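First the structure, in the form of structure tokens, and then the observations on it.
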There are 2 protein chains.
Amino acid sequence: MAVQRVDAPTAMNLSVAFKALGDPVRLQLMSMIASAEGGEICVCDLTPAFEVSSSTISHHLKTLREAGLVDAERRASWVYYRPRPALMRQLSTLLSPDA
Amino acid sequence: MAVQRVDAPTAMNLSVAFKALGDPVRLQLMSMIASAEGGEICVCDLTPAFEVSSSTISHHLKTLREAGLVDAERRASWVYYRPRPALMRQLSTLLSPDA
DNA sequence: ACGCGGATTCGACATCCGTCGAGTTTGACA
DNA sequence: TGTCAAACTCGACGGATGTCGAATCCGCGT
């Protein structure tokens, strides 16, 4: 029950994603992105929701991007972030009791 | 779709658990504990599965314990670890697409 | 061409984190 | 009581991480 066996290389890979979610700001960013109306959200809507500087938000978004959890697309002056469900589903399955 | 909204205090709490899984050794420990025969596993069976020292394993197990992901019980000379499914299920649900 | 606002990158800094070896605790058993 | 093995704690060290402000990049509109 719960959590399938994971070998060392797999643990190495997946831990990057978990680590990315292991910061309060990033977890909240992820939740805002994943629950966004229309499947995406503008950075300009993310930044004002936090107390930290916009450069810090950018830095966190980069971490989520490099972890494979989100995708970014520039349109005009704005950048929109979108969730990447594949990896999220993989993490979810790993933690689910029936796995 | 995917990931319910999370407010700041909740993010603060849950990020501790994700951070705990955000290390390769701890993720593998978690997987071994959660998939253990009989629902528990001895530290003496965990330690030799890794290249790091036993004090490091102890340190990681403490992190998992303090994150609420596992429980420990001493019996005679040995300490047995058991998963705490409640929190794991919460994390899994948070990442599942239907949430 | 210029300036502007949104977003990222860069450089710096303080703090946190993973690791080790040494020392300590715990319980079993002679 | 003394010793042994299992597990944890402690102190220290180097590298990673979160944060900021300044500088830079990128499109747009004038």
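In this text, all values refer to a predicted model and were calculated from it rather than measured experimentally. Letters A, B, ... are given to chains in the order of the sequence lines, protein chains preceding strands, and every chain is numbered from 1.
- The nearest pair of heavy atoms linking A/Ala76 to A/Arg74 is O-NE, 3.4 Å.
- Taking 4.5 Å as the limit, every side-chain heavy atom of A/Leu91 sits out of range of all side-chain heavy atoms of B/Leu91.
- With a 4.5 Å cut-off on side-chain heavy atoms, A/Arg26 and A/Leu21 do not count as touching.
- The stretch residues 55-65 of chain B touches DNA chain C through B/Ser55, B/Thr56, B/His59, B/His60, each having a heavy atom within less than 4.0 Å of the strand.
- Of the inter-residue distances, the one linking B/Ser92 atom OG with A/Leu94 atom CG reads 9.0 Å to the nearest 0.5 angstrom.
- Once you apply a 4.0 Å limit to the heavy atoms of chain A, the touched nucleotides of DNA chain C run 5' to 3' over C/dG6 to C/dT9.
- Counting heavy atoms from C-beta outward, B/Ile33 and B/Leu69 have side chains that stay 4.5 Å or more apart.
- Residues satisfying the side-chain hydrogen bond (donor to acceptor under 3.5 Å, both in side chains) criterion with A/Thr47, sequence neighbours excluded, are absent altogether.
- Residue pairs meeting the salt bridge (Lys or Arg N to Asp or Glu O under 4.0 Å) criterion with at least one member in residues 45-63 of chain B, sequence neighbours excluded, do not occur.
- The stretch residues 8-19 of chain A touches DNA chain D through A/Lys19, each having a heavy atom within less than 4.0 Å of the strand.
- Shown for residues 71-80 of chain B: residues whose heavy atoms fall under 4.0 angstrom of DNA chain D, namely B/Ser77, B/Trp78, B/Val79.
- Taking a heavy-atom distance under 4.0 Å as the criterion, the stretch of DNA chain D touched by chain A extends 5' to 3' from D/dT17 to D/dC28.
- Considering CD1 of B/Ile57 and CG of B/Leu29, their distance stands at 5.0 Å, rounded to 0.5 Å.
- Backbone-only contact: B/Tyr81 has heavy atoms under 4.0 Å from sugar-phosphate atoms and none from a base.
- Every residue was checked against the side-chain hydrogen bond (donor to acceptor under 3.5 Å, both in side chains) condition with B/His59, not counting sequence neighbours, and none meets it.
- For the residue pair B/Ser55 / B/Ser58, no side-chain donor-acceptor distance below 3.5 Å is found, with atom types taken as modelled.
- Legend: residues meeting salt bridge (charged side-chain N to carboxylate O under 4.0 Å, His left out) with A/Glu37, ordered by chain and number and at least two apart, are absent.
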Can you give each donor-acceptor pair under 3.5 Å made by side-chain atoms of residues 7-20 of chain B, sequence neighbours left out, with the distance rounded to 0.1 Å?
{"residue": "B/Asp7", "atom": "OD1", "partner": "B/Thr10", "partner atom": "N", "Å": "3.0"}
{"residue": "B/Asp7", "atom": "OD1", "partner": "B/Thr10", "partner atom": "OG1", "Å": "2.5"}
{"residue": "B/Ser15", "atom": "OG", "partner": "B/Ala11", "partner atom": "O", "Å": "3.0"}
{"residue": "B/Ser15", "atom": "OG", "partner": "B/Met12", "partner atom": "O", "Å": "2.9"}

Anything under 3.5 Å between a donor and an acceptor, one on a side chain of residues 77-84 of chain B, the other on a protein residue two or more places apart or in another chain? List them.
{"residue": "B/Tyr81", "atom": "OH", "partner": "B/Arg65", "partner atom": "NH1", "Å": "2.6"}
{"residue": "B/Arg82", "atom": "NH2", "partner": "B/Glu73", "partner atom": "OE1", "Å": "2.8"}
{"residue": "B/Arg84", "atom": "NH1", "partner": "B/Asp71", "partner atom": "OD2", "Å": "2.4"}

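- For DNA chain D, the neighbouring residues in residues 41-48 of chain B, judged by any heavy atom under 4.0 Å, are B/Cys42, B/Val43, B/Cys44.
- Using a 4.5 Å cut-off on side-chain heavy atoms (C-beta onward), B/Met30 and B/His60 make no contact.
- Between B/Leu61 and B/Val70, the closest side-chain pair of non-hydrogen atoms is not below 4.5 Å.
- Of the N and O atoms on the side chains of A/Ser53 and A/Thr56, at least one donor lies less than 3.5 Å from an acceptor on the other residue.
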Q. What's the verdict on side-chain hydrogen bond (donor to acceptor under 3.5 Å, both in side chains) for A/Arg5 and B/Ser31, showing C-alpha distance, side-chain angles and the deciding distance?
A. CA-CA 5 Å; A/Arg5 276 281 173 136; B/Ser31 112; 5.0 Å; no
